[in-house]
Amino acid sequence: MRHVLSSSQFDRQFLDYLYQLTTTIRRFDKSREGIVYLRSLLPHKRAMLYFTQPSTRTFLSFQSACHILGITASEIRDAATSSERKGESVEDSLRTFSSYVDLIIMRSPIAGLCDRVATLLDATPRPVPIVNAGSGPDEHPTQALLDIYTLTRSLRLRGGIDGKTICMVGDLKRGRTVRSLSRLLTNYEDVKIIFASPENFRIEDDLRRALTRAGTRFEETDEFLPAIASADAIYMTRIQDEYDVGGESATDYTRFHLKASHLTSLKEDCVIMHPLPRRDELDPEIDKDPRAKYWRQERNGMWVRVAVLTMLFDVDSRVQLPDL
Ligand code: NCD
């Protein structure tokens, strides 16, 4: 693995391996020796976190993942504090980072920027891996990896993700997590995706085509209740109003809110997920329900990112527990 740019670069074998690797890495966290060992894996590496779009979880979990592996992390969180303010192109800024660090983890509002930068750096004498931590409304591949990890773990006693119905709710048009996760779900057998949203937040054509090409069954509906009632997992998302160009988010979305009163209509082992941050679409009352997995999902994100970093630097084979 050279870069992490899009969820379409991953196959089932990769996803199964990542699940095993992440589960093994988490076990190292249980002892002082294990934690010190993880920190000894990459102390000679430096990473740049270039996040010019707001982030809490993705930023902190990547930064923590770096710390866990001993990687020194630097950051830019606002292009206005960099030479971009002086008119430097974003490409030149990123090339500059590659002079100082061994890895660039980036989030930006510009779809396709990560791919452009990866191609540009690959042609320089100092190519460094690029990790896409969110590229506009386009992709969020590491979120999709942690979502798959959480689904696999939550469904492990029920045969895993194969054969399950996953219901995605919300702004399916501009939600990059939905787009990246849907693409990863095509790697599983006999999965059905139900996309539940108001008419103006339906998925885009490119995703429809990708699912059809992969032979993944999907359904689009604006009826919330029947969709959530038949689901083995529900993936709630917020309205992405930062991408509004003409008041699209003014739509009344309340009938797509998951409320505590809906809990009795869900399957008794339904997995409730949300990439977070949430707004009113997910009632905090639901946090107490054992089916709510979003806080675990958030923590899983850090461990999945540790696993991805070990693979990028080719030290994943050094993460083995003899008694597994
Ligand atoms: C998501 C994102 O940034 O796309 N958040 C995250 O990374 N956990 C979802 C969102 O912002 O709605």
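Counting convention: from 1, in listed order, for ligands and their atoms alike. Everything numeric in this text was worked out from a predicted model, so none of it was measured. All heavy atoms count here, side chains included; hydrogens, waters and symmetry mates do not.
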*Determine yes or no for a side-chain-to-main-chain donor-acceptor pair under 3.5 angstrom, with R305 supplying the side chain and S64 the backbone.*
no
*Mark up the atoms of ligand 1 that fall under 4.0 Å of a heavy atom belonging to R107, in ascending order.*
3 (O), 7 (O)
*asked:* Given Q240, E298, R176, identify the one with the heavy atom nearest to atom 3 (O) of ligand 1.
replied: R176
_At under 4.0 Å between heavy atoms, is it the side chain or the backbone of T237 that contacts ligand 1, or both, or neither?_
neither
*For ligand 1, find out whether one of its N or O atoms is nearer than 3.5 Å to an N or O atom of T58.*
yes
*Considering only protein heavy atoms, which is closest to atom 9 (C) of ligand 1, and at what distance to one decimal place?*
L276 O, 3.7 Å
_P277-ligand 1 polar pair, N/O distance under 3.5 Å_ = no
_Donor-acceptor pair between R107 and T58 side chains, under 3.5 angstrom_ = yes
_Taking only non-hydrogen atoms of G134, do any sit less than 4.0 angstrom from ligand 1?_
no
*Got a salt bridge between R279 and D171, using NZ or NE/NH1/NH2 to carboxylate O under 4.0 Å?*
no
*Determine, for R208 against E220, whether the closest basic-nitrogen to carboxylate-oxygen distance falls under 4.0 angstrom.*
yes
*Can you tell me which residue and heavy atom of the protein come closest to atom 11 (O) of ligand 1, and the distance to 0.1 Å?*
R238 NH2, 2.9 Å
*Within the distance-only criterion (no hydrogens, no angle test), does the side chain of R179 pair as donor or acceptor with the backbone N or O of D138 below 3.5 angstrom?*
yes
*Is the closest basic N to carboxylate O distance between D244 and R174 below 4.0 Å?*
yes
